[in-house]
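Here the structure is laid out as structure tokens; the discussion comes afterwards.
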Amino acid sequence: MTDNAVEVRNVSKTFRVYHDRNQSIKATVLKGGRAKYEEFWALRDVSLEVPKGLTFGLLGLNGSGKSTLLKCIAGILQPNEGSITTRGRMAAMLEVGSGFHPELSGRENVYLNGAILGMSDREIDRKLDSIIDFAGVERFIDHPVKNYSSGMYVRLGFSVAIHTQPELMLVDEVLAVGDKDFQAKCLSKFDELKEEGKTVVVVSHSMGTMRTFCDRAAWLQEGELQSVGTAAEVVDQYAGSGEPVIELPGGGKRRGSGEAIFTRIQVLGADGLPRDEFAPDEPVRLRLDFEAKERINRPVFSASVVNAHQLNMFRINGIDRKWIPDVLEPGFGSLEIEVSSLPFASGDYHVNAELREQGSPVPADDLREACPIKLRRGDQWTARSLVYVPSAFDGLKMGLSAPRS
Amino acid sequence: MTAGLERERSGSRTITVNLLKNLTLREVRSEYKRTALGRLWSLINPLAQIAIYGVVFGVIFGAEPEPGINSGIHLFALWLGVGIVTWGFINGGIREAMQSFLSYQGLLKKVSLPRWTLPASKVLAKGITYLTEILVVAIICGVLGGWEILLRIWMLVPLLALTAMFIYGIGLVLAIGIVYFRDLEHFWGILTQIFFYASGIMIPRTTVEAAQASLDAGGHTLLGAPIPLLALFEANPVYQFLTAYRRVVYDFAFPEWQIMLSLALWSIGALVVGLFVYSRYQAKIVEEL
């Protein structure tokens, strides 16, 4: 088990919630003792492991304990029970620009902030140019940071933090700093860290970020660990946590308000007959049969084909295609989607479908894993790849006297 | 907690020292940043105080210290000056250290770092300011009293170390205490006022002796015993610090060994208590902030 960057064992953390907080000697003497308080369990018996080299997400609603857990890992808070082991140099980015002094110049603050994050002056000397360059504040580096725009401030803070080159990086929703260009820069920096085998633990609300950014994730609710697994799985569970997920007897999962349900999903071949096995280059049609139990205004249909790792290979969505009917009257109906082909690697896939009123946070129905299909191997191998792209080697030339212009 | 241990273990004493250095520089650099006179303020402030108290107590009340033992200097303003800058260091250092966790609460909530460095950097920064102040006073004394000041000026080094330990120990206890009881600051303010007069900054020992004599002569008693005004006055560690510094800078003499022993005990005691309180409560303060 030495391959874990973080090991959290049976960690519990309670906070005191004071009824009438007093922080003065006067009040304490008058009331005869410190104020009454209740124990609030921010974390309850949480155990998890973060393997080295992975990006690990912590998901949960506000107050679910995810930030508390991150602070415990960072050593800012001390758990009441249990133990936390971390391996390697750690940098916590719970806030960027911690300890910046507004009157001091950017350069002086880089040294100060770097020292707070555990860098030596010599190390900062070496990295200074790179830090300033990454933050894009060359012209202002000798100005006091109080004159910085808020964007420049966080960019400089982020830049220092990322240059500590930690083995383990703890990040609390600070991915959302700076403008679009800077965010792209940050993400590529994180990718770099990942490639170097560094571990990242990130807390976020954004399920999109989680799904694309993280390898594994954990979901906390009211201080208790709900599940740990691959990011896609956990995000799906978390996303579905508002509505109960119903397991269907014939296989598949359904979640939604029930205003409408998909009764069947089928994939038809060119002959118009349903099948469950296809070649990667044949045209198909997806057929969604549904029953609307109530009237639905501006229904948005979407359908997707996902692979065994729950990765969307293909998705079509009514909003993107600007295909939104005005209304769906109660009753049975069906919808077909024309697909030129499913050019994916051979293997098992599922067709999923979702229907929701435009703008509604809750889908009327979200049916998954109810329609398994298989893709055959095409004319060419697709091993170690995701999609089927017909291709061929051609035109080997040798003995040229000079490189081709 | 674990992270803290890991940090220690990865051989980063240098990193902690580096952190302390940078935090101290932050204090020193930012104190008079963007003021027209800059660091000169750290001299103007005590000089102004010396002038004010010099006029009030020296001229109006006619306080008069004994002439310097070896130096022969007989100038109230200089005698007062040593007291004022030293008091400024002790009082200011304790106050800054006391408020250090509160003023750095944003940092404490977001970053794991050796927390003792925060009050330590405040004391060090004050110490650096004090060093320049006391050296200026010493130079004036040297000009007036002669080169002999150089013979014993090195005594400032152990004295400064003891003073810093004393300040740091008390500051640590108060820094933790104020997290739990915010009005500690006001209590401390009152105590400071008492000590301002009780430490003999502008009151020579002879004046207290005279007061003691008149108390005894008047037959005043407290709970049936004579009031030990002079004994209390001399037992005050701050008075002892001031006396020790005056011996070196004003008298060109060594402090009495009894004073040095007493100061060593006070300083070590304060530091031990401070570190004990710190190690017992430091992990919990973040939640209380």
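As a basis for the values below, the full set of heavy atoms in this structure was taken, side chains included, without hydrogen atoms, waters or symmetry mates. Throughout, protein chains are lettered first and strands after them, A, B, ... in sequence-line order, and every chain is numbered starting at 1. This one's a predicted model, so the numbers in the text were calculated from it and none came from an experiment.
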Does any backbone or side-chain atom of B/Lys21 lie under 4.5 Å from a heavy atom of chain A? Answer side chain, backbone, both or neither. side chain
Check this for me: A/Phe15, atom CZ, are more than 12 non-hydrogen atoms of other residues, nucleotides or ligands nearer than 6.0 Å? yes
Pair B/Asn22-A/Asn113, side-chain donor/acceptor within less than 3.5 Å: no
CH2 (B/Trp266) with more than 12 external heavy atoms under 6.0 Å: no
Can you confirm whether B/Phe196 is buried at CZ, in the sense that more than 12 heavy atoms of other residues, nucleotides or ligands lie under 6.0 Å from that atom? yes
Chain A: which of B/Val286, B/Leu25, B/Thr117, B/Leu20 shares the most heavy-atom pairs with it under 4.5 Å? B/Val286
Contacting moiety of B/Phe187, where chain A heavy atoms sit under 4.5 Å: side chain
Nearest heavy-atom neighbours spanning A/Ala115 and B/Asn18: CB-ND2, 3.8 Å
Taking every non-hydrogen atom, the tightest pair across A/Ala74 and B/Ser112: O-CB, 2.9 Å
Atom of A/Gln78, atom of B/Ala283 and distance for their closest heavy-atom approach: OE1-CB, 2.9 Å
CG/A/Leu77 to NZ/B/Lys284 distance, rounded to the nearest 0.5 angstrom? 13.5 Å
For a 4.5 angstrom cut-off between non-hydrogen side-chain atoms, does B/Leu107 reach A/Ile116? yes
What part of B/Ile285 is in contact with chain A, defined as an atom under 4.5 angstrom from a non-hydrogen atom: side chain, backbone, both or neither? neither
Kindly determine whether A/Leu94 and B/Val111 satisfy side-chain contact (heavy atoms from CB on, under 4.5 Å), including the steps that lead there. CA-CA 7 Å; A/Leu94 308 192; B/Val111 185; over 6 Å; no
Counting heavy-atom pairs closer than 4.5 Å to chain A, which one of B/His186, B/Lys109, B/Arg26 comes out on top? B/Arg26
Neighbour count above 12 (heavy atom, 6.0 Å) for A/Glu196 CD: yes
Would you mind checking if A/Asp172 and B/Lys110 are paired as a salt bridge, meaning a charged N to carboxylate O distance below 4.0 Å? no
Give me the atom names and distance for the closest heavy-atom approach of B/Arg29 to A/Leu104. CB-CD2, 3.7 Å
Atom pair CD (A/Glu123) and CD1 (B/Ile15), whose distance is rounded to the nearest 0.5 Å: 6.5 Å
Is the shortest side-chain N to carboxylate O distance from B/Glu287 to A/Lys71 below 4.0 Å? no
Spatial distance of atom CD (B/Glu27) from atom NE2 (A/His101) [nearest 0.5 Å]: 7.0 Å
